[in-house]
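Being a predicted model, the structure only gives us computed values, none of them experimental. All heavy atoms count here, side chains included; hydrogens, waters and symmetry mates do not.
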Amino acid sequence: MLPFLRAGARRSISGLGNHIGHAARRSSVGGQLQFRSGSSEAVASAVPIPEKPQRVTLSDIQERRSRAGRLVAPTAAPSDADMFKGPTAGKPKAKRWDHHLTHESTLRAPCKLKQAARHLKQPGIISLGGGLPCPEYFPISSLSLHVPVPPGFSEPDTLSGGETVAIGKYDASVPRAAGQPPAAEYDLCIALNYGQATGSAQLTRFVTEHVELALGAPPYADWGVCLTPGSTAALEQTLRMLCDGPGRRDTLLTEEFAFSTALETAAPLGVGVAGVPMDEQGLLPGEMDRILAEWRPEERGGGRRPHVLYTVPSGQNPTGATQGARRRREVYEVARKWDVLIVEDEPYYYLQMGPPGERKKEQEGSQGLEGFLDGLLPSYLSMDVDGRVVRMDSFSKVVVPGSRLGWITASAQLIERFVRHAEVANQGPSGFSQVILHKLLDERWGHEGYLRWLMHLSDEYTKRRDVIVAACSEFLPKEVVSWNPPLAGMFHWLKVRHETHPDAASKSILEIEEEIFNRCIAKGVLVARGSWFRAQQDKPPSGLYFRTTFAAATPENMREAIRRLGEAIRESFRL
């Protein structure tokens, strides 16, 4: 522990028959995954994948903090996950990934000025080295927040019975009374000055503990975290770290329908994209294996076999598909077989939900929290025996998007390379965001309160999902539109049977899609065209789809929007 830290003073998801892609059921026979034969560049080791995440408990974290004592981390204090995570004795180290790093990434050296800040921990040192502005001239002396008090998370509860908390400029340095430590560990003096690219020690501690508590620590010893300005920025850095488009002609594997912003991030980097066919549980491991086994650079514009998979396993954007526990293990095994790194983007992980009509029982106390955590699907991170997973988490979907704050978890080697990039790019997330979320999540709510907030969100989005699914059943023509109720996230994916359209012989899928889309706009409803999310825009679309979201519209507006969509489809199909 560094000197400035002074001690003391599952559910399984059943198949619902989705209609995504042409190869939805080619990859399994008799319920068992069938991998195609073919030599691989790397043979998977015999280390078994853990069946369950290795989680710590709230009492473990409380005991650890009690032993460590008050966190003293002043301006630009360096920190990492090793300072806060639990014991890792007996765990192996992650594999090395030098052969996957880009030339750009290997050239990145530590930032000299950031490294110099480490000397600030020396007692009595007078700094004339760093260009840290004087906090006396920060024109903000305090911030106040009005926040919910668990379990009263609703907006009316917050307005009538919430708590107003303040963040002062010198809360962490001015003693409460003679001989007493300061009231806070983090204040505006620290947060609003320059910091380390890893983020503040205060929030690094919280997310490190959260990984161990909610996700389950990776089953290897040398893992770490780094705060980010959100997952889109993290993805751009990760792609530049691992994928060399112009030089190595790298190609990124992803779902055949993928988050459009991720595709738009890869394109300017010259990174190719290969879409893996999907079913109701997301990308098909057998199809991923087939693509890698049959990869021929001469047939792919010279692109070499992909070595990075980008996936959104829970409530995938745009399809809403959620990979079951077995599906995740199968995908991971394919990644091991072909030496593929997995970028696990999980903004919707905690918005998991049961099928419509299956209401969760409200539970009190720690038993309810344990049930919530036990019901979450295992993350790729928790089964990652090799250190080949880069997991991206974000507060955007579960706290506020405008915080522009998240974190990645990965092996120490990949975290170190990621930090080297961050030091000369974004230099870490906003200090305002960090101190506000620390005040809310760590100081006021604590881990238990935050988990209860996530439980609350999951239940609220489940209610919204049920509204839109019921509206689809009531207003959409089932003879031409089909869907699977999403089991996580914010999106509902609709398949339209374009082959039964009266003009199918004379119009393409894209033309029919555009006609329906324009009819929707004319009727006052906006939906997203499925073609916007195709991973490979140079290939003909595999079907006609629309993405709807139940994230923000009121229940009344959702029903009206689906009614208008139904009218537009009926008119187009002349029903």
Ring pair (Phe, Tyr, Trp, His ring centres under 6.0 Å) pairs, two or more places apart, involving residues 387-407: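 Listed by first then second residue: His210-Trp407, Phe395-Trp407.
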Are [X] and [Y] close enough that a side-chain donor and a side-chain acceptor fall under 3.5 Å?
X	Y	result
Glu344	Tyr349	no
Glu255	Thr311	yes
Gln537	Arg534	yes
Asp339	His99	yes
Glu163	His146	no
Asp384	Trp223	no
Asn426	Gln237	yes
Arg328	Ser314	yes

Set of side chain to side chain donor-acceptor pair (under 3.5 Å) partners for Arg96, sequence neighbours left out: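 With neighbours one apart ignored, the set is Asp98.
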Assess whether a salt bridge exists between [X] and [Y], defined as any Lys/Arg side-chain N lying under 4.0 Å from an Asp/Glu carboxylate O.
X	Y	value
Asp386	Arg336	yes
Glu185	Arg70	no
Asp442	Lys439	no
Lys337	Glu333	no
Arg391	Asp393	yes
Glu209	Arg65	yes

Under 3.5 Å, side chain of [X] to main-chain N/O of [Y], donor-acceptor pair present?
X	Y	value
Tyr220	Ser411	yes
Gln196	Ala76	yes
Ser66	Gln62	no
Ser231	Ala234	no
Gln352	Ala488	no
Gln281	Gly324	yes
Ser458	Leu454	no

Listed partners of Ala221 passing side-chain contact (heavy atoms from CB on, under 4.5 Å), at least two apart: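 Ala221 satisfies side-chain contact (heavy atoms from CB on, under 4.5 Å) with Thr88, Lys91 only.
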Less than 4.5 Å apart, side chain to side chain, heavy atoms only: is that true for [X] and [Y]?
X	Y	result
Leu58	Leu369	yes
Met83	Asp80	yes
Val398	Tyr450	yes
Leu309	Leu252	no
Gln323	Leu283	yes
Pro313	Tyr380	yes
Ile415	Val225	no
Ser382	Leu215	no

Where do [X] and [Y] come nearest, in terms of heavy atoms and distance?
X	Y	answer
Gly315	Thr322	N-OG1, 3.0 Å
Thr254	Ala535	CG2-CB, 3.9 Å
Ile49	Val385	CA-CG1, 4.3 Å
Ala266	Val273	CB-CG2, 4.4 Å
Asp250	Arg304	OD1-NE, 2.5 Å
Gly301	Arg249	O-NH2, 2.6 Å

Within 45° cone and under 6.0 Å: Arg300 NZ/CZ vs Trp295 ring: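 Yes.
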Residues Ser200, Gln434; criterion side chain to side chain donor-acceptor pair (under 3.5 Å); working and verdict: CA-CA 7 Å; Ser200 67; Gln434 293 189 67; 3.0 Å; yes
Thr319/Gln316 under side chain to side chain donor-acceptor pair (under 3.5 Å): CA gap, chis, key distance, verdict: CA-CA 6 Å; Thr319 68; Gln316 195 255 358; 2.6 Å; yes
Pair Tyr348 and Phe491, ring centroids less than 6.0 Å apart: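 Ring centres of Phe491 and Tyr348 closer than 6.0 Å.
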Near-ring test Trp445/Phe206, centroid separation under 6.0 angstrom: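 Distance test on ring centres: not under 6.0 Å, no.
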Atom OH of Tyr194: over 12 foreign heavy atoms under 6.0 Å: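 Counting neighbours around OH of Tyr194, 12 or fewer heavy atoms of other residues, nucleotides or ligands fall under 6.0 Å, so no.
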